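Chain letters run A, B, ... following the sequence lines, proteins first, then strands; residues in each count from 1. No hydrogens, no waters, no symmetry mates; every other heavy atom, side chains included, goes into these values. Remember, predicted model here, so these are calculated numbers, not experimental data.
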Amino acid sequence: MRIVTWNVNSIKQRLPRLLALLDREAPDIVCLQETKCPDEAFPHEQLAERGYHAATYGQRAYNGVAVLSREAPLSLERGFTADPTPDEARLLTARYDALTVISAYVINGRAIGDPAYERKLAWLDALRAWIAGTFSPEEPLVLAGDFNVAPEARDVHDPAGWEGSIHFSEPERTRVRALLDWGFADLLRRHTTDGGIFTWWDYRAGAFHKGWGLRIDLILGTEPLAGRVEEVRVDRNERRPKAGEGAPSDHAPVIATLAD
DNA sequence: ATGTCACTTTACAAGTGA
């Protein structure tokens with residue numbers, strides 16, 4: 001089984017690259033974030049031609065998440081109980097026979113001390129509480145998406161420079177650890193201990209070219225899935241300006257392969 | 001720290017969020 005997560009920064013802008021990725025990787029599950037697309041405008045037809053069902057929770061202009069799958073989900077849930085920002089389309093749960101998949105787009109937070117930063121921490125607290133009250137670590141569950149948090153120093157190109165900044169403050173890292181403590185594994189860390197693996201590079205200042213990246217896109221899985229990890233990699237090529245049709249997202253896809 | 005991108009609107013330029 002292959003699971004992908006990708007913050008596409010507009011499904012409309014990234015559709016040619018997404019379709020190419022489906023052809024190239026043949027994933028079973030794809031979690032998308034920042035689709036920036038109302039549900040009725042989602043490109044369902046092009047995806048159906050590739051054999052994918054698209055479960056969507058979108059809105060105009062901002063946010064928006066989706067789960068693509070070869071099999072139609074048994075049920076869907078948009079948002080979660082006690083979401084502090086219920087008007088923002090940031091979380092979608094799709095249930096299948098073999099597993100449950102959550103696609104999440106965590107609040108960016110802008111800067112330490114910004115009201116959005118406090119909302120980010122509260123959102124992650126509420127998410128953990130909902131997961132703990134809804135699921136079991138014994139069941140096959142995936143929580144994948146843009147966490148807007150780099151978990152550890154090895155996930156940051158310049159840890160000393162980033163320490164205490166947005167995406168790499170201790171309160172944010174504590175929230176990610178709380179999810180791991182509940183019973184998730186960071187699937188990439190089941191495959192490799194290497195540092196310097198990044199999933200996001202700022203569009204500005206030539207950050208990608210300079211290697212100024214962070215690993216903030218994660219695929220978390222409970223043990224029934226984490227125990228089956230064969231490989232987890234980042235498709236950095238998707239971040240290159242001329243690698244595909246159209247401009248790149250500022251995020252690269254994360255691709256996990258699990259034993260069947 | 002900021003050399004961009006995608007989106008929106010009392011739209012052909014400027015503000016916003018990231």
Gap in Å between the two C1' atoms, one belonging to dA11(B) and one to dT16(B), rounded:
15 Å

Report the distance from atom NE2 of His251(A) to atom C1' of dA18(B), rounded to the nearest whole Å.
8 Å

Rounded to the nearest angstrom, tell me the gap between atom NZ in Lys120(A) and atom P in dA18(B).
10 Å

Restricting to ring pair (Phe, Tyr, Trp, His ring centres under 6.0 Å), what partner residues turn up for Phe168(A), sequence neighbours left out?
none

Interatomic distance at P, dT10(B) relative to dG15(B), whole Å:
14 Å

dG17(B) C1' sits how many Å from Ile166(A) CD1, rounded?
13 Å

If you take the centroid of each ring, where Trp contributes its six-membered ring, are Phe135(A) and Trp130(A) closer together than 6.0 Å?
yes

Treating primed atoms plus P, OP1 and OP2 as sugar-phosphate and everything else as base, which nucleotides of nucleotides 3-9 of chain B get B, S or - for protein heavy atoms under 4.0 Å?
BBSSSSS

How far, in whole Å, is dA14(B) from dA1(B) if one measures between their C1' atoms?
23 Å

Who pairs with Tyr105(A) by ring pair (Phe, Tyr, Trp, His ring centres under 6.0 Å), at least two apart in sequence or on another chain?
none

From CD1 of Ile107(A) over to C1' of dG17(B), roughly how many Å is that when rounded to an integer?
13 Å

Cation-pi check, Lys120(A) onto Trp123(A) ring (under 6.0 Å, within 45° of axis):
no

Non-neighbouring partners of Glu170(A) that pass side chain to side chain donor-acceptor pair (under 3.5 Å), sequence neighbours left out
Thr174(A), Arg177(A)

All N/O pairs under 3.5 Å across the protein-nucleotides 11-13 of chain B interface:
none

Sticking with atom P, work out how far dA6(B) lies from dT2(B), rounded to a whole angstrom.
22 Å

Those residues that, when tested against Asp125(A), pass salt bridge (charged side-chain N to carboxylate O under 4.0 Å, His left out) (two or more places apart)
Arg175(A)

Only counting residues at least two apart or in another chain, list the ones meeting salt bridge (charged side-chain N to carboxylate O under 4.0 Å, His left out) with Glu163(A).
Arg173(A)

Write down the distance between CD (Gln33(A)) and P (dA18(B)), rounded to a whole number of angstrom.
14 Å

Describe the nucleic acid contact of Phe208(A) in one word from base, sugar-phosphate, nothing, applying a heavy-atom distance below 4.0 Å.
nothing

Between dT8(B) and dC12(B) - C1' atom distance, rounded Å:
14 Å

Listed partners of Asp202(A) passing side-chain contact (heavy atoms from CB on, under 4.5 Å), at least two apart:
Trp200(A), Arg204(A), Ala207(A)

Hydrophobic clusters join Ile, Leu, Val, Met, Phe, Trp and Tyr when side-chain heavy atoms are under 4.5 Å apart, directly or via other members; which others share one with Leu15(A)?
Val4(A), Trp6(A), Val8(A), Ile11(A), Leu18(A), Leu19(A), Leu21(A), Leu22(A), Val30(A), Leu32(A), Phe42(A), Leu47(A), Tyr52(A), Leu68(A), Ile255(A)

